[in-house]
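Chain letters run A, B, ... following the sequence lines, proteins first and then strands; every chain starts at 1.
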Number of protein chains: 2
Amino acid sequence: MNQRLMDVPNAPSTRAATVLEELRNAVCNGQFAPGERLHEVRLTEQLGASRTPVRAALQKLASEGLLDHAPNHGYRMREFPVAEIVYAFELRAVLEGLAARLAAERGLSSEHQRLLEQSLYDGDRLLSRGVLIEGDRAAYSTINTCFHQTVHAAAGSRMLQDMVRLCRQVPISSPRMIVEFEYRDVRRRHDDHQRVFEAILGREAWRAEMLMRDHVMYLKTAMIRSLPTRAAAIELRYSPEEASPE
Amino acid sequence: MNQRLMDVPNAPSTRAATVLEELRNAVCNGQFAPGERLHEVRLTEQLGASRTPVRAALQKLASEGLLDHAPNHGYRMREFPVAEIVYAFELRAVLEGLAARLAAERGLSSEHQRLLEQSLYDGDRLLSRGVLIEGDRAAYSTINTCFHQTVHAAAGSRMLQDMVRLCRQVPISSPRMIVEFEYRDVRRRHDDHQRVFEAILGREAWRAEMLMRDHVMYLKTAMIRSLPTRAAAIELRYSPEEASPE
DNA sequence: TGGGAGCATTTTGTATACATAAATGTTTGA
DNA sequence: TCAAACATTTATGTATACAAAATGCTCCCA
């Protein structure tokens with residue numbers, strides 16, 4: 001049986017959870033400039049809760065890598081240079097590649113298989129018209145998320161799931177990254193999904209890994225293509241700093 | 001110049017930092033049984049601080065994945081089945097592989113190159129006797145850590161470094177994993193380092209990734225070999241659960 | 001005997017007062 | 001005019017009191 005079917009979806013029971021959710025949204029949507037300080041008392045007024053839950057939220061976000069914290073100096077918004085955003089995609093690529101491989105090695109549960117087939121079917125239907133219309137963007141995003149999350153779940157490692165989540169919540173700060181959404185592009189991504197699914201189902205571990213990895217790398221290149229200024233692209237030709245390690 | 005050379009090494013300035021350090025050690029060394037509850041007040045007495053810093057430490061450890069937390073139900077020690085520990089090695093393998101590739105793509109700073117050469121030189125010296133003596137274990141551990149951390153730093157991604165750190169602090173609970181420490185074994189690992197370094201220095205990105213990845217996978221197999229009971233090994237022939245995803 | 005309602009206890013969540021450290025601004029001396 | 005030291009302000013760290021939720025227990029009743 002499906003446990004927890006009747007749960008109220010994500011009703012934050014405690015004030016700490018509410019505050020955390022609001023703060024995370026604010027942080028991820030670029031409400032704070034890089035390096036900006038987040039004063040506890042100011043947030044207190046802004047969020048309508050005492051310092052305790054606010055501090056809890058700040059600590060959590062800091063440990064997720066979104067904020068910086070120095071003892072007795074409070075929290076600051078982290079800076080996310082373009083290079084770090086690109087690295088997040090590289091990380092996702094190897095992590096999701098690993099997830100696909102593990103899923104192939106373990107095999108799919110019937111429920112996971114059903115979910116994957118469902119999302120492939122929905123994608124087929126969406127693309128069957130040959131053109132994309134208003135609202136398809138959100139619909140495909142849902143389908144896409146379902147496919148990926150199911151693969152992560154099928155890999156069976158909580159740590160892996162957590163890490164992918166961390167990669168995905170990196171604030172795409174400056175250039176409000178708009179991933180391309182032309183028919184050809186979505187078609188390509190959907191075909192990728194199809195192949196990954198076949199590889200997992202056929203227990204072709206190595207192939208599943210490579211396909212998924214390249215699938216995410218494709219997103220990376222799309223993101224880089226969408227960078228508005230040439231300056232951002234130049235920022236990517238980083239060179240190693242002479243800073244001392246660790 | 002080397003900045004921060006005269007720092008007192010890791011003197012935890014605040015009580016919260018002290019408590020966090022102590023609690024993390026306790027948790028990682030298996031002081032708590034899987035599923036055991038960690039009462040705030042009890043820890044308060046045990047650690048000699050009020051609930052505030054204790055709670056902060058608990059929250060941090062929970063967000064690192066070492067503890068579980070349910071609102072109004074407190075914190076519990078997480079369970080780490082053998083499979084999850086093996087997954088941690090798989091994760092390390094792909095993450096450190098990525099680190100080696102990025103280091104090769106970016107190129108080494110002179111300081112990073114120096115550190116890598118130093119650790120290789122030290123390893124050579126340690127192994128030149130042809131046998132291992134008392135104390136070599138700790139010495140090689142230091143050398144090994146230096147090599148790996150330098151590669152991570154050379155990759156230039158903080159998120160990557162954080163994730164590797166998470167992988168490395170998984171509590172090796174049940175079978176107090178003793179990695180083999182025979183001469184042949186250490187020799188092999190040292191040779192791996194040598195090759196990885198050459199690949200990075202020669203900007204052979206793909207080769208660096210594969211070599212590092214396999215280097216860590218070798219550790220994984222050594223760990224599995226060292227599992228005491230056959231029961232643990234059987235535990236690895238996991239099959240997908242029929243649980244509902246997400 | 002079994003089950004459940006209701007109270008007591010325990011434990012966590014929240015607010016807040018106080019302590020302490022940083023940052024700021026001002027005064028004073030050369 | 002500048003700088004160093006002191007005083008003031010501000011912000012974070014810590015402790016604790018109170019509120020609310022969960023747990024466990026007793027006792028009653030069918």
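- Residues satisfying the ring pair (Phe, Tyr, Trp, His ring centres under 6.0 Å) test with Phe197(A), not counting sequence neighbours, are none.
- A distance of 10.5 Å separates CD of Gln149(B) from CG of Leu115(B), quoted to the nearest 0.5 Å.
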| Given the rule in the salt bridge (charged side-chain N to carboxylate O under 4.0 Å, His left out) test, do Glu111(A) and Arg114(A) qualify, once you have shown the distances and angles that lead to the verdict? | CA-CA 5 Å; Glu111(A) 174 65 3; Arg114(A) 192 189 65 72; 3.2 Å; yes

| request: Evaluate side chain to side chain contact (heavy atoms under 4.5 Å, CB included) for Leu58(A) paired with Glu40(A), printing each intermediate quantity in order. | output: CA-CA 9 Å; Leu58(A) 289 169; Glu40(A) 292 178 4; 3.9 Å; yes

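- The footprint of chain A on DNA chain C, defined by a heavy-atom cutoff below 4.0 Å, extends from dG13(C) to dA23(C).
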Polar atom pairs (N or O), protein with nucleotides 19-25 of chain D, under 3.5 Å:
unit_1  : atom_1 : unit_2   : atom_2 : d
dT23(D) : OP1    : His73(B) : ND1    : 2.9

| Where do Met223(A) and Ile85(A) land on the side chain to side chain contact (heavy atoms under 4.5 Å, CB included) test, with the steps shown first? | CA-CA 10 Å; Met223(A) 192 276 287; Ile85(A) 297 174; 3.9 Å; yes

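- Listed by residue number, the members of residues 48-70 of chain A with any heavy atom below 4.0 angstrom from DNA chain C are Ala49(A), Ser50(A), Arg51(A), Thr52(A), Pro53(A).
- For Thr18(A), there are no side-chain hydrogen bond (donor to acceptor under 3.5 Å, both in side chains) partners, not counting sequence neighbours.
- Here Glu90(B) does not pair with Arg106(A) in a salt bridge; the nearest charged N to carboxylate O distance is not below 4.0 Å.
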| Residues Glu21(A), Asn25(A); criterion side-chain hydrogen bond (donor to acceptor under 3.5 Å, both in side chains); working and verdict | CA-CA 6 Å; Glu21(A) 197 176 308; Asn25(A) 284 339; 5.0 Å; no

| task | Walk me through it: do Arg24(A) and Lys60(A) pass the test side chain to side chain contact (heavy atoms under 4.5 Å, CB included)? | result | CA-CA 10 Å; Arg24(A) 174 178 285 130; Lys60(A) 184 101 203 298; 4.0 Å; yes

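- Among residue pairs with one or both ends in residues 73-86 of chain B, those qualifying as side chain to side chain donor-acceptor pair (under 3.5 Å) are Ser157(A)-Glu84(B); sequence neighbours excluded.
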